[in-house]
Amino acid sequence: MNCLEFRREKLADPRRLPPETQAHASGCPACAAFAREVDESERALDRALIVPVPDGLVDRILFQSRRPRRAWRAWALAASILIAVALGFSLWDGSKNANEYARLAIEHVVMEPESFAVTRNPDPEAFRTLVQNLGGSVKDLPGKIRYIRLCPFEDGLGWHVVFETPEGLATLFLVPGKKPRAAQAASVDGWSAVVHPIERGYYAIVTASSDATSRFRQMLRDCIVWSA
Amino acid sequence: MRAYGADLYRFAYWLCRDRHAAEDLVQEACLRAWRSWPELRDLSQAKAWLMIIVRNEHARSYSRRRNETNLDDMHENELPSMPSFEAGLETAEVVRQLPENYREPLLLQVLGGFSCAEIAGMLGTTAGAIMTRLTRARQALRQQYTDSAKRRTGR
């Protein structure tokens with residue numbers, strides 16, 4: 001057993017290592033340290049995976065007392081497909097590069113309708129950390145956070161954040177890395193988006209009207225200072 | 001069912017990442033299992049059998065994500081890396097971001113307690129392929145954990 005074999009086995013099944021594999025770590029300080037690190041991340045994995053189970057789940061299943069199907073899910077799906085098709089046609093024109101980031105931001109919101117229907121990781125401290133990582137400083141929150149999710153973007157990963165504001169729900173994307181050269185704006189089928197480059201990437205705002213987008217943009221200016 | 005309900009629900013949750021859909025998924029899977037009960041010849045395999053029914057039900061009910069990638073072609077350093085975040089949420093996000101072919105064996109191992117060989121049998125592949133997927137999945141988790149630890153200690 002060499003160090004590479006040990007590490008491969010440890011990563012593949014850290015909780016049931018054969019005795020001969022374990023014996024390698026007892027004589028190899030580097031692999032012992034590696035094993036401790038893997039065990040620590042396994043504990044974090046356990047904590048993350050053990051999500052709470054709904055009360056009475058088993059009884060509901062055993063007694064077949066099935067909840068009625070949520071019709072709104074079907075309607076939401078149908079609506080999102082219709083909007084996506086409409087967006088597809090409206091995006092299919094010759095000027096797609098002029099405000100591509102803003103249009104893609106709108107498409108992202110339309111393709112992820114659950115961002116408005118669920119609460120997910122609504123942690124203000126996490127939001128502050130995300131902004132900080134992009135070179136910003138949060139003086140105040142522009143609304144109540146409802147949703148934070150790491151999402152795929154065209155050129156990598158970015159954060160999808162939804163705020164509850166007096167004007168309604170507002171989506172903010174924080175995307176590190178590649179950015180547009182200048183600010184962009186787009187309106188598609190009632191959705192309005194603005195995109196602003198910042199030092200380490202860009203942010204995009206999407207709401208259901210251009211007025212709401214402008215107001216949220218102003219709120220964001222008042223609440224977050226970006227480094228030049 | 002009482003013995004495996006929590007594991008089945010958690011497995012379903014991490015497959016579809018929606019608690020309402022997960023409950024529906026477990027209910028559908030249990031109905032299907034009930035109808036197919038005579039096909040289960042070895043009661044000691046009941047948990048694996050139920051988890052695979054949940055998996056198949058998930059595959060049947062939910063279309064594959066549009067950005068799904070062929071994992072066997074992926075290089076290790078193409079696995080998702082994480083921007084900074086709180087440690088617990090980071091782990092959950094890494095699990096969510098793992099491609100399905102990596103996430104499934106990881107869930108079956110951690111939640112189901114199955115070995116690489118057992119998972120290979122359940123997913124219809126080889127133990128070597130499962131070891132590779134699990135190794136890559138944990139490399140992504142380990143990278144996240146190492147980055148978090150560095151940030152926490154300021155090093």
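Atoms considered below: every heavy atom in the structure, side chains included; atoms not considered: hydrogens, waters and symmetry mates. Every chain is numbered from 1 and lettered A, B, ... according to where its sequence line falls, protein lines coming before strand lines.
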List the atom of B:Arg10, the atom of A:Leu49, and the distance in Å for their closest heavy-atom pair.
CD-O, 3.8 Å
Which portion of A:Arg7 sits near chain B, non-hydrogen atoms under 4.5 angstrom:
neither
The interface call for B:Ile130 against chain A, heavy-atom contacts under 4.5 Å, is neither
A:Ala12 versus B:Leu134, closest heavy-atom pair with distance:
O-CD1, 3.3 Å
Between B:Gln109 and A:Pro14, the two heavy atoms sitting closest are OE1-CD, 4.2 Å
Given side chains that start at C-beta, do those of B:Val110 and A:Arg15 come closer than 4.5 Å, heavy atoms only?
yes
Interatomic distance, A:Leu11 atom CG to B:Arg136 atom CZ [nearest 0.5 angstrom]
12.0 Å
Please examine the side chains of B:Trp14 and A:Val51, heavy atoms only from C-beta on, and report whether any two atoms are closer than 4.5 Å.
yes
Just wondering, do B:Thr132 and A:Arg8 contact through their side chains at under 4.5 Å, heavy atoms?
yes
Would you mind reporting whether A:Ile50 and B:Leu111 have side-chain heavy atoms less than 4.5 Å apart?
yes
So do A:Arg16 and B:Ser115 actually touch side chain to side chain, heavy atoms under 4.5 Å?
yes
Choice from A:Leu45, A:Leu134, A:Asp46 maximising heavy atom contacts with chain B below 4.5 Å
A:Leu45
Portion of A:Glu42 that has a non-hydrogen atom of chain B nearer than 4.5 angstrom:
side chain
